[in-house]
Amino acid sequence: MRHLGRPAPEWPETAVEAEEIQERLRPLADLSGPGPRDVRLVAGLDVAYTPAEGGGELVTGAVVVLDAATLEVAGQAVVTERARFPYVPGLFAFRELPPLLAALDRLDAVPDLLLCDGHGLAHPRRFGLACHLGVLTGLPVIGVAKTLFVGEHGEPGRERGAYAPVVHEGDVVGRALRTQDGVRPVYVSQGHRVGLDEACEHVLRLAPAYRLPEPIRRADHLSRHRS
DNA sequence: GCGACAG
DNA sequence: ATCTTGTCGC
């Protein structure tokens, strides 16, 4: 899938510049549902970190594509490079985007849906990694995070499938979704071209046995073994 | 002003 | 994210 990620023409030097980019791209995120009809290939993305020789750090972006029906691996790609931005809460897309876009470019087939670790709409400026990834690739993206970043929510029911809306500054920005009975919920938020209801349905269907959806678990494992 | 803060 | 062993429980 060549040319999905633009050859980064401008990259922020400061946090202020990074925030300006988020503000400028935010309107481009499509938050209208429902989203793609028939999803055949789903990709999970994750990044692992490694200290680099002589200072700095390396980021390893991994993408694992699964057959949405059987959950069997249909493709994968891994890319390791030097981190281009420091970790700043709210701006970590600028750390993970480069290796992820590079890995996506190495895929043979274009996925119908992307699942990334981290938030989408549930972000201080409503433009987390999932939204940024969607705007840059044009693909439908769902954000799945392990911890709450912004907003608050009630305790979802104990059973798999139960959920509670995450509200931030008066807006519903996502959901705390229980993917397995009795386990901590994951935080699902819209990234691009997928409705919230549909996003939760996809996450639930893709997480038949563990807390995190299978595509993300596979990407997590791949990024570690190759970093 | 102080602390907290996706990964 | 990463640093880290065993251990309690299903």
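Lettering follows sequence order; numbering is per chain, from 1.
Residues A:Val166 and A:Ser189 have side chains not in contact (no heavy-atom distance under 4.5 Å, counting atoms from C-beta outward). A 4.5 Å side-chain heavy-atom check between A:Asp38 and A:Asp112 finds every atom pair outside the cut-off. Within the 4.5 Å cutoff, side-chain heavy atoms of A:Cys116 are placed close to those of A:Val141. Side-chain contact between A:Leu104 and A:Thr137 is present, with heavy atoms from C-beta onward closer than 4.5 Å. Taking 4.5 Å as the limit, every side-chain heavy atom of A:Leu177 sits out of range of all side-chain heavy atoms of A:Val144. Under the 4.5 Å side-chain criterion, counting only non-hydrogen atoms from C-beta, A:Leu91 is in contact with A:Glu19. For the pair A:Phe127 and A:Arg24, the minimum side-chain heavy-atom distance is 4.5 Å or more.
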What does the list of N/O pairs under 3.5 Å between the protein and nucleotides 6-10 of chain C look like, with a distance for each?
none

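Counting only Watson-Crick and G-U wobble pairs whose two distances sit under 3.5 Å, DNA chain B takes part in no stem of three or more pairs.
There is a side-chain donor-acceptor pair under 3.5 Å between A:His202 and A:Arg205.
Between A:Arg37 and A:Glu198, none of the side-chain N atoms (NZ, or NE/NH1/NH2) sits under 4.0 Å from a carboxylate O, so this pair counts as no salt bridge.
In this pair, A:Phe94 and A:His132 present their aromatic rings perpendicular. The plane angle is above 60°, beyond the 30 to 60° band.
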- Per-nucleotide protein contact string for nucleotides 1-7 of chain B (B base, S sugar-phosphate only, - none; heavy atom under 4.0 Å): ----SBB

